[in-house]
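All remarks here apply to the structure that follows.
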Amino acid sequence: MSNGSNSYSTSLEPIVSLSGLHRIYQLAGEDIHAVNNVTLDVWPGQMTAVVGRSGSGKTTLLNLIAGLDTPTEGEVWVLGRNLGQMSERERLDLRLNRLGFIFQSFGLMPLLSARENIGVPLRMRGMDPKEREAQIDEALAWVGLTERAHHRPYELSGGEQQRVAIARAVAETCALVLADEPTGQLDTRTGRRVLDLLRRLVEEKGVSLLIVTHDPQVMAEADVVHEMRDGQLIETRIKNGVAVPGL
């Protein structure tokens with residue numbers, strides 16, 4: 001587990017760098033520009049949000065960063081690696097060992113307990129069982145769910161399920177966490193509690209967090225907000241006091 005110190009600094013290279021990025025789909029013989037010439041950097045140790053209405057291209061952008069989709073044109077660099085020059089196996093290893101994911105639908109396996117869900121990626125890495133169980137225990141305590149460790153997802157509230165998903169990212173000790181509408185299925189109060197945990201993930205664990213969202217609470221909390229419309233980046237807003245190199 002991280003000791004809470006931030007392994008990255010905004011004086012270093014961006015943790016994600018997109019250059020002239022396009023993703024074009026064919027629909028009924030027409031070109032659909034889901035992502036249209038997007039260039040942006042995501043800096044380490046910050047909470048960055050990509051916002052926009054449904055259909056703006058933000059989820060496609062997240063999939064491109066995760067290596068789940070391939071750009072039509074342009075480059076995607078993640079953790080110093082050019083995804084376009086990596087094999088599918090290398091991209092899979094990147095997702096397994098360096099990236100964490102938090103989903104709107106929580107992404108938990110319904111027949112597994114909270115602690116078993118947290119342990120899935122650690123098992124896939126082949127981690128030593130003793131170390132794995134210690135990291136699971138620490139992650140559960142960090143999100144305040146130790147007493148719910150053996151409950152299955154259907155026995156947990158929506159907020160608790162999302163906290164399990166966050167605990168999974170904590171246990172993985174990932175450099176970068178990608179979150180797709182993490183508060184989208186939660187009421188305002190529960191969403192605020194989850195958002196507080198995400199902020200702690202950045203500040204206490206040194207994780208870089210990239211969130212795709214339309215939640216005003218997330219937009220207000222994020223250090224940097226990139227707004228998309230019709231596949232294009234139309235505005236970048238930076239919170240007062242946040243240092244972004246080159247801006």
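The first residue in the sequence is number 1, and the count goes up from there.
No side-chain donor-acceptor contact under 3.5 Å links Thr48 to the backbone of Val224. The main-chain N or O of Val143 is found under 3.5 Å from a side-chain atom of Arg163 such that the two form a donor-acceptor pair. Between the side chain of Thr183 and the backbone N or O of Leu186, no donor-acceptor pair lies under 3.5 Å. Counting only distance, with no hydrogens or angles, the side chain of Thr213 and the backbone of Glu181 share no donor-acceptor pair below 3.5 Å. Remark: side-chain polar atoms of Asp223 are paired, donor with acceptor, to backbone N or O of Met47 under 3.5 angstrom. Counting only distance, with no hydrogens or angles, the side chain of Lys58 and the backbone of Gly52 share a donor-acceptor pair below 3.5 Å. Judged by distance alone, with hydrogens and angles left aside, the side-chain atoms of Arg23 form a donor-acceptor pair with the main-chain N or O of Thr70 at under 3.5 Å.
Taking the side-chain hydrogen bond (donor to acceptor under 3.5 Å, both in side chains) definition, one finds that Glu155 meets it with nothing, sequence neighbours left out. Applying the salt bridge (Lys or Arg N to Asp or Glu O under 4.0 Å) criterion to Glu73, with sequence neighbours excluded, gives no partner residue. Every residue two or more places apart in sequence or in another chain that forms a side chain to side chain contact (heavy atoms under 4.5 Å, CB included) with Gln26 is listed here: Asp31. Evaluation of the side chain to side chain contact (heavy atoms under 4.5 Å, CB included) rule for Met109 yields Leu112, Asn117, Val120 as partners, not counting sequence neighbours. In this structure, the side chain to side chain contact (heavy atoms under 4.5 Å, CB included) partners of Asn82, at least two apart in sequence or on a different chain, are Glu75, Trp77, Gln85.
Heavy atoms only, all atoms of each residue included: Val177 and Ala169 are closest at CG2-CB, 4.0 Å. The two residues Phe106 and Arg168 make their nearest non-hydrogen contact at O-NH2, 3.4 Å. Leu96 and Glu172 make their closest contact through O-OE2, 3.9 Å (heavy atoms, listed as atom of the first residue, atom of the second, distance). A pairwise comparison of heavy atoms in Arg189 and Asp187 identifies N-OD1, 3.1 Å as the closest pair. Minimum heavy-atom separation, Pro182 to Gln162: O-NE2, 2.7 Å. Across Gln217 and Thr188, no two heavy atoms sit closer than the pair NE2-O, 3.3 Å.
With no hydrogens or angles considered, a side-chain donor-acceptor pair links Trp142 and Glu204 at under 3.5 Å. Using a 3.5 Å distance cut-off with no hydrogens or angles, the side chains of Asn63 and Thr60 do not pair a donor with an acceptor. A donor-acceptor pair shorter than 3.5 Å cannot be found between the side chains of Ser113 and His150.
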- Task: Go through the steps to decide whether Glu88 and Arg91 satisfy the test salt bridge (Lys or Arg N to Asp or Glu O under 4.0 Å), and finish with yes or no.
- Result: CA-CA 5 Å; Glu88 181 54 40; Arg91 290 193 291 270; 3.0 Å; yes
- Could you please spell out the steps behind the side-chain contact (heavy atoms from CB on, under 4.5 Å) verdict for Val164 and Leu145? CA-CA 8 Å; Val164 172; Leu145 286 178; 3.7 Å; yes
- Pair His226-Thr236, side chain to side chain donor-acceptor pair (under 3.5 Å): steps then yes or no: CA-CA 4 Å; His226 300 288; Thr236 295; 2.9 Å; yes
- Message: Applying side-chain contact (heavy atoms from CB on, under 4.5 Å) to His22 and Asn37, what does each step give before you reach the verdict?
- Response: CA-CA 5 Å; His22 293 259; Asn37 195 29; 3.5 Å; yes
- Item | Test side-chain contact (heavy atoms from CB on, under 4.5 Å) applied to Glu90 and Arg95, step by step | CA-CA 9 Å; Glu90 288 173 325; Arg95 288 192 293 271; over 6 Å; no
- Task: Run the numbers on Leu99 and Cys174 for side-chain contact (heavy atoms from CB on, under 4.5 Å), then give the verdict.
- Result: CA-CA 5 Å; Leu99 305 183; Cys174 295; 5.5 Å; no
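At least one side-chain heavy atom of Leu233 sits under 4.5 Å from a side-chain heavy atom of Leu40. For the pair Val42/Pro14, no side-chain contact is recorded, criterion being any heavy-atom separation below 4.5 Å from C-beta on. In this structure, Leu61 and Leu21 have side chains that are in contact, with non-hydrogen atoms separated by less than 4.5 Å.
The pair Asp93-Arg89 meets the salt-bridge criterion, since a charged nitrogen lies less than 4.0 angstrom from a carboxylate oxygen. Salt-bridge annotation for Asp128 and Arg132: absent, with no side-chain N of the basic residue lying under 4.0 Å from a carboxylate O of the acidic one. Electrostatic pairing of Arg115 and Asp137 counts as a salt bridge here, judged by a charged N lying under 4.0 Å from a carboxylate O. Ion pair Arg53/Asp230 not flagged as a salt bridge, since none of the NZ, NE, NH1 or NH2 atoms sits closer than 4.0 Å to an Asp/Glu carboxylate oxygen.
Atoms OG and CH2, from Ser208 and Trp43 in turn, are 11.5 Å apart once rounded to the nearest 0.5 Å. Here Leu83 contributes atom CG and Leu64 contributes atom CG; the two are 9.0 Å apart, rounded to the nearest 0.5 Å. Taking CD from Gln46 and CD1 from Ile15, the interatomic distance works out to 10.5 Å, rounded to the nearest 0.5 Å. The distance from atom CD of Glu221 to atom CG of Leu195, rounded to the nearest 0.5 Å, is 5.0 Å. Here the CG atom belonging to Leu140 is positioned 5.5 Å from the OG1 atom belonging to Thr146, to the nearest 0.5 angstrom. The distance from the CG atom of Asp196 to the CG atom of Leu201 is 12.5 Å, given to the nearest 0.5 Å.
When each of Ile211, Leu210, Val50 is paired with Leu62, the side chain to side chain contact (heavy atoms under 4.5 Å, CB included) condition holds for Leu210 and for no other.
Through chains of ILVMFWY side-chain contacts below 4.5 Å, Met219 is grouped with Val51, Val225.
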